[in-house]
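Below: one structure, written as structure tokens.
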Protein chains: 2
Amino acid sequence: MNLPEGKDKFLQSWGALGSSWGVNRTMAQIHALLMIAPQALSAEDIMEELKISRGNANMNLRALIDWGLVFKELKAGERKEFFVAEKDMWKVVKNIIIQRKKKELEPMLKVLDELSSVEGNDPEAEEFVRMIKEIKLFSSKADSTLDTLVKADSNWFVGTFMKMIK
Amino acid sequence: MNLPEGKDKFLQSWGALGSSWGVNRTMAQIHALLMIAPQALSAEDIMEELKISRGNANMNLRALIDWGLVFKELKAGERKEFFVAEKDMWKVVKNIIIQRKKKELEPMLKVLDELSSVEGNDPEAEEFVRMIKEIKLFSSKADSTLDTLVKADSNWFVGTFMKMIK
DNA sequence: ATTTACTTTCAAGAAATTTTGAAACTATTG
DNA sequence: CAATAGTTTCAAAATTTCTTGAAAGTAAAT
């Protein structure tokens, strides 16, 4: 397979993967493009390669920077901004875990806490509280497991996990 | 907090959580509703509680059954179908992992395999292949880790993970 | 074999999300 | 300070995804 063909296939696949994980296609594609780029790209480079508008490129780059997956890079003597991706896959995944944990798991834990105080002694209320507590227990375990995971160093996952888990 | 209020809050939150994970709001809500229900519900019960159409209820129930998160239950002497949710949170998560691994991770691994054969000796092609290989290595590790996880028994996660990981 | 009870399907409509593009903004240069 | 180079914003348009509802399908009961 040649490069343009491979590149295109990668951009498509990564974009589709993003879609099924609640990340918009373009954001995933910009990330993919930057991951395989040998040097920093400008907004224009990205617009051109992905055939997207300036506004779209800008918004999604901003979001990627928020997530810690892309960094702005200023080149000496150049007026425009360049962008590079985080290329260490463990850091990529770690940042995603940190963000999603904060935006989704933690608020959900808070809601579950409130919900476990539901009153009532009919079977419906009892089952509700029982199930909420089961979900809460599970989610707390997931939460602390993720904390531990995130604190572990870059090589931990690839190097050690398989041995420990055996 | 009283039951109707708590129930509503749970249905809303679970629905929103689904949305950010590529699961449609209604599917997540039906699942939530069945998880907290003390007995099996009929399609009509679900339509009524969630204020959704028959077609919508049917399609999403079908999908939940596909995912192994909901089961059909036939009551003696009743003509209509009832539905119950898988309530063991570990099994819920395990089924989701199995499905998403099959539908997303495995196809991606196949694509990455093809892509690592890209030819070319300019820096762009070299970086492309290098990065594809890094992603592939990471994904394979994730794949086997998930396999191990899924083979582990129901109580493993809640009981043992924290100790092992320490 | 007809009626009745229920489920499935799917085209069209509604809703939600994403993208565009042009105007407004910011900062550097001459 | 005017011109130039670049970035940001956001309302409107385009696209994608989800939902509806009615018709078709299935099967038990009479």
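The figures that follow rest on heavy atoms only: side chains count, while hydrogens, waters and symmetry mates do not.
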Select one nucleotide: of [options], the one nearest the side-chain heavy atoms of [X].
X	options	answer
Asn58(B)	dT8(D), dT9(C), dA27(D)	dT9(C)
Ile52(A)	dT20(C), dT19(D), dT7(C)	dT20(C)
Ser53(A)	dT20(C), dT8(C), dT19(D)	dT20(C)
Asn56(A)	dT19(D), dT7(D), dT19(C)	dT19(C)

*Scan Asn24(B) against the nucleic acid and name what it touches under 4.0 Å (heavy atoms): base, sugar-phosphate only, or nothing.*
sugar-phosphate

*asked:* Over all strands shown, is Glu44(B) touching base, sugar-phosphate only, or nothing at heavy-atom distances under 4.0 angstrom?
replied: nothing

*If you take atom types as modelled and just measure distance, does the side chain of Arg79(A) reach the base of dT29(C) with a donor-acceptor pair under 3.5 Å?*
no

Between [atom2] of [N] and [atom1] of [X], the distance in whole Å:
X	N	atom1	atom2	value
Glu78(B)	dT7(C)	CD	P	10 Å
Ile46(A)	dG6(D)	CD1	P	15 Å
Trp21(A)	dT17(C)	CH2	P	19 Å
Leu61(B)	dT8(C)	CG	P	9 Å
Lys75(B)	dC6(C)	NZ	P	13 Å
Met59(B)	dC18(D)	CE	P	10 Å
Glu81(B)	dT8(C)	CD	C1'	10 Å
Met47(A)	dT19(C)	CE	P	14 Å

_If you compare every side-chain N and O of Arg62(B) against the phosphate oxygens of dT8(C) (OP1, OP2), does one of them come in below 4.0 Å?_
yes

*May I ask you to verify if any side-chain N or O of Thr26(A) is less than 4.0 angstrom from the OP1 or OP2 atom of dT18(C)?*
no

*Given the rule in the side-chain contact (heavy atoms from CB on, under 4.5 Å) test, do Lys9(B) and Glu114(A) qualify, once you have shown the distances and angles that lead to the verdict?*
CA-CA 10 Å; Lys9(B) 190 158 193 173; Glu114(A) 292 165 38; 2.6 Å; yes

*Closest nucleotide of DNA chain D for Val23(B) versus for Gly77(B): which of these residues is on the 5' side?*
Val23(B)

Carboxylate-amine/guanidinium contact [X] [Y], below 4.0 Å:
X	Y	result
Arg100(A)	Glu106(A)	no
Arg130(B)	Glu134(B)	yes
Asp88(A)	Lys94(A)	no

*asked:* Assuming nearest nucleotide by heavy-atom distance, tell me which of Met27(A) and Ala43(B) is located more 5' along DNA chain C.
replied: Ala43(B)

*Using heavy atoms to find the nearest nucleotide of DNA chain C for Gly55(B) and Lys80(B) separately, return the residue whose nucleotide is more 5′.*
Lys80(B)

*asked:* If I take atom CG from residue Leu115(A) and atom OG from residue Ser117(A), how far apart are they, to the nearest 0.5 angstrom?
replied: 7.5 Å

